[in-house]
Student: 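The structure's right below; bear with me while I get my questions together.
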Amino acid sequence: MSEAESSAISLTEQRLGKLDAMKARGIDPYPVRFSGKEDIHTLRVTHFGADNSLTPAEDVQPVTTAGRVVAIRDMGKAQFLQIQDQNGKIQLYAGNKTLSEEDYFVLRNLDLGDIIGIKGKPFRTKTGEPTIHADELKILSKNLAPLPVVKEKDGETYDGISDIELRYRQRYIDLAVNADARATFALRSAILREIRDLLHARGFMEVETPMMQAIASGAAARPFTTHHNALDIDLYMRIAPELYLKRLIVGGYEKVFEMNRNFRNEGISTKHNPEFTMIEIYQAYADYHTMMELTQDIFETLAVKLLGSTEIPYGEHTISLKKPWKKVEYLESIKEATGLDFAKFLGEENPSAAEAKKMAASVGLKADGLHTFWEVVDLAFSEKVEPNLIQPTIVMHYPKAISPLAKSIPGNPHLVERFEPYITGREMGNAFSELNDPLEQERRFNEQAAQKESGAEETMATDDDFVTALKVGMPPTGGLGIGIDRLVMLFANKASIKDVILFPLLRPNK
RNA sequence: GAGAAGCUAGCUCAGUCGGUAGAGCAACUCCCUUUUAAGGAGUGGGUCCCGGGUUCGAUUCCCGGGCUUCUCACCA
């Protein structure tokens with residue numbers, strides 16, 4: 001291509017020109033297959049040593065590998081290239097002395113972002129760089145939409161991409177270009193696997209329950225609505241699998257879990273995505289103490305197996321996941337932080353929201369939009385206590401009024417056997433001894449409905465069939481839910497949930 | 001939903017007190033067969049997010065819109 005020709009056309013058009021040039025020579029720029037690809041990381045270890053201490057022999061057997069071209073250094077009739085696959089990067093050396101005429105033509109028409117397959121002997125250059133002397137070089141996929149060029153030296157990255165439009169909307173570019181993004185989602189996958197392994201090893205069974213439900217219950221949140229045409233009914237995307245999983249305990253399974261998406265029709269933030277992944281775990285003949293142990297075991301196991309230590313970095317903090325974690329009482333923690341003692345209202349049938357607001361105002365809290373006493377108390381907790389729970393903390397014994405699915409503490413009818421683990425100032429989960437008294441459950445649902453009547457924004461919907469299930473009989477059961485996205489944020493040391501969800505919800509752009 | 005900030009070349013960013021814009025990398029031409037943020041010489045590349053308004057003239061000022069980020073609200 002002449003300079004004049006290149007002047008007025010886009011990068012894509014230039015590459016289309018190279019594509020046509022290849023086709024004109026009978027080279028298929030998108031061949032059907034490439035056989036025998038070796039993993040780049042593996043062949044590096046094999047031929048250069050895990051600590052980069054080996055040097056391949058002169059008569060070493062050639063290797064075959066493939067990957068995306070991420071760097072080209074043109075030396076005239078020879079070039080240094082770098083290719084990258086899922087697990088690694090390696091330098092190639094290729095020139096007209098050893099390549100066939102056709103392969104050399106491909107080399108001369110390579111662009112950053114092309115995917116190539118090569119065969120050649122590993123060797124070290126003068127400067128010691130592990131390299132493959134590519135004696136065969138095939139184009140496997142021609143790049144037409146140029147990738148950002150990222151250069152590195154001494155671990156420092158130059159240029160790179162920071163544009164959110166690319167990072168989140170076109171995640172494939174983020175993954176192709178940013179090693180950190182690839183590492184984050186590989187870690188996410190490893191976390192899911194480790195959690196499943198741990199539960200399977202303890203005899204739990206993974207199940208799948210409906211994501212489209214006629215009644216969205218099991219949590220207090222606004223659901224998405226959808227419609228089934230053949231039945232001509234509206235359905236809700238589930239906000240929690242809880243009530244279905246407990247039906248399975250009724251049915252006789254004793255250890256079940258489900259790890260999958262929930263959907264809540266609420267705002268988007270660095271900590272919220274409308275669809276998010278939860279794991280819910282139920283164990284019959286167990287209680288919330290069992291779930292406390294399990295929670296700590298899960299976090300500790302992940303830390304040790306995936307990061308090699310119970311001490312893990314998060315932002316400016318070092319989080320110690322070693323059990324046992326600190327335990328605090330819900331109301332006691334509020335009293336300590338604010339001096340406000342809400343416990344004395346526990347016995348009251350219907351404590352006044354106005355009274356709670358007055359108390360909250362005395363410590364500078366505005367509770368204007370809230371309608372019930374315990375909503376105001378919860379505000380005090382989330383404002384004054386939650387942000388300070390940096391190290392793992394188990395907050396236990398919540399008021400019954402805000403825990404419609406949890407069992408009361410024997411001898412203390414106003415508090416329930418419930419806890420929430422907090423780490424880095426964020427709620428990581430929710431667990432309790434499951435309420436299995438059907439008549440009591442019915443009363444709790446009715447109380448929720450009454451709260452809704454009196455103006456509470458979000459309450460739990462009544463599910464009559466679930467009450468029927470409890471009437472059949474559910475053994476004493478411990479249940480635990482953990483927000484997987486936030487858990488991954490913790491282990492991946494990410495501040496935004498969008499950094500740990502491959503395709504976070506964004507407004508479509510036209 | 002509210003407030004603040006951002007949007008300029010493929011990428012990362014300057015800049016224009018209103019006169020249609022620059023750098024580095026990438027691209028293109030040329031030199032170079034052990035380089036590695038390779039190097040050297042040269043060339044091109046922009047609806048300055050979109051639409052109105054003011055103006056002789058708007059990428060710049062004003063109004064409206066779009067998308068994103070941050071904070072707040074709702075929530076996990």
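Each chain gets a letter, A, B and so on, in the order its sequence line appears, and its residues count up from 1.
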Student: Roughly, in whole Å, what's the span from CZ in Phe123(A) to C1' in rU33(B)?
Tutor: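 Roughly 11 Å, once rounded to whole Å.
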Student: Starting the side chain at C-beta, find the nucleotide from rU68(B), rU34(B), rC74(B) nearest to Met75(A).
Tutor: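 In terms of side-chain proximity for Met75(A), the closest of rU68(B), rU34(B), rC74(B) is rU34(B).
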Student: For Gly267(A), report the nucleic acid contact type (base, sugar-phosphate, nothing); a contact means any heavy atom under 4.0 Å.
Tutor: base
Student: The side chain of Asp111(A) is closest to which nucleotide in this list: rC28(B), rC32(B), rA73(B)?
Tutor: rC28(B)
Student: By nearest atom, which of the nucleotides rA76(B), rU36(B), rU69(B) is closest to the Tyr168(A) side chain?
Tutor: rU69(B)
Student: Does Arg171(A) make a cation-pi contact with Phe503(A), if we ask for NZ or CZ under 6.0 Å from the ring centre and within 45° of the axis?
Tutor: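 Here Arg171(A) fails the 6.0 Å and 45° test against Phe503(A).
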Student: Evaluate the ring planes of Tyr93(A) and Phe80(A), with Trp represented by its six-membered ring, and classify them as parallel (under 30°), tilted (30 to 60°) or perpendicular (over 60°).
Tutor: tilted
Student: Report yes if the distance between the aromatic ring centroids of Phe432(A) and His397(A) is under 6.0 Å, otherwise no.
Tutor: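 They do not qualify: ring centres at least 6.0 Å apart.
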Student: For the pair made of OH in Tyr93(A) and P in rU33(B), what is the distance, rounded to whole Å?
Tutor: 8 Å
Student: Now, which nucleotide makes the Watson-Crick or G-U wobble pair with rG18(B), with each of the two distances under 3.5 Å?
Tutor: none
Student: Measure from CG on Asp174(A) to P on rU12(B) and round the result to the nearest Å.
Tutor: 12 Å
Student: Which one is paired to rU60(B), where only Watson-Crick or G-U wobble pairs with both distances under 3.5 angstrom count?
Tutor: none
Student: Look at the side chain of Arg507(A) and decide which nucleotide, out of rG66(B), rU34(B), rU71(B), has an atom nearest to it.
Tutor: rG66(B)
Student: Among rU35(B), rC32(B), rC74(B), which nucleotide has an atom closest to any side-chain atom of Glu266(A)?
Tutor: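 Selected nucleotide (nearest to the side chain): rC74(B).
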Student: Could you tell me the separation between the CG atom of Asn96(A) and the P atom of rC31(B), rounded to a whole number of Å?
Tutor: 13 Å
Student: Nearest to the Gln91(A) side chain among rA76(B), rU36(B), rC70(B), which nucleotide is it?
Tutor: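 Of the candidates, rU36(B) comes closest.
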Student: Phosphate oxygens OP1/OP2 of rA38(B): is one of them under 4.0 Å from a side-chain N or O of Arg73(A)?
Tutor: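 Yes, because at least one side-chain N or O of Arg73(A) sits under 4.0 Å from OP1 or OP2 of rA38(B).
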Student: Applying the Watson-Crick and G-U wobble criteria at under 3.5 Å, what pairs with rG1(B)? Answer none if nothing qualifies.
Tutor: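 rG1(B) is paired with rC72(B).
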Student: Can you identify which nucleotide, out of rA38(B), rU68(B), rU35(B), has its nearest atom closest to the Thr127(A) side chain?
Tutor: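 The answer is rU35(B).
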Student: What is the distance, to the nearest angstrom, from the CZ atom on Arg169(A) to the C1' atom on rU69(B)?
Tutor: 12 Å
Student: Answer with base, sugar-phosphate or nothing: what part of the nucleic acid does Asp74(A) contact at a heavy-atom distance below 4.0 Å?
Tutor: base
Student: Within the structure shown, what part of the strands sits under 4.0 Å from Glu383(A) by heavy-atom distance: base, sugar-phosphate, or nothing?
Tutor: sugar-phosphate
Student: Indicate, with a heavy-atom threshold strictly under 4.0 Å, whether Lys498(A) touches base, sugar-phosphate, or nothing.
Tutor: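 Here Lys498(A) touches the backbone only, sparing every base.
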Student: When the ring centroid of Tyr244(A) is compared with that of Tyr282(A), is the distance short of 6.0 Å?
Tutor: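 No - the distance between ring centres of Tyr244(A) and Tyr282(A) does not fall below the 6.0 Å cut-off.
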Student: Is Thr12(A) touching bases, backbone alone, or none of the nucleic acid, heavy atoms closer than 4.0 Å?
Tutor: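 Nothing, no nucleic acid heavy atom in range.
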Student: Considering heavy-atom distances to RNA chain B, does Glu275(A) or Gly76(A) have its closest nucleotide positioned more toward the 5' end?
Tutor: Gly76(A)
Student: Describe the nucleic acid contact of Asn143(A) in one word from base, sugar-phosphate, nothing, applying a heavy-atom distance below 4.0 Å.
Tutor: nothing
Student: Give Glu427(A) one of three labels, base, sugar-phosphate or nothing, depending on what nucleic acid heavy atoms sit under 4.0 Å from its own.
Tutor: sugar-phosphate
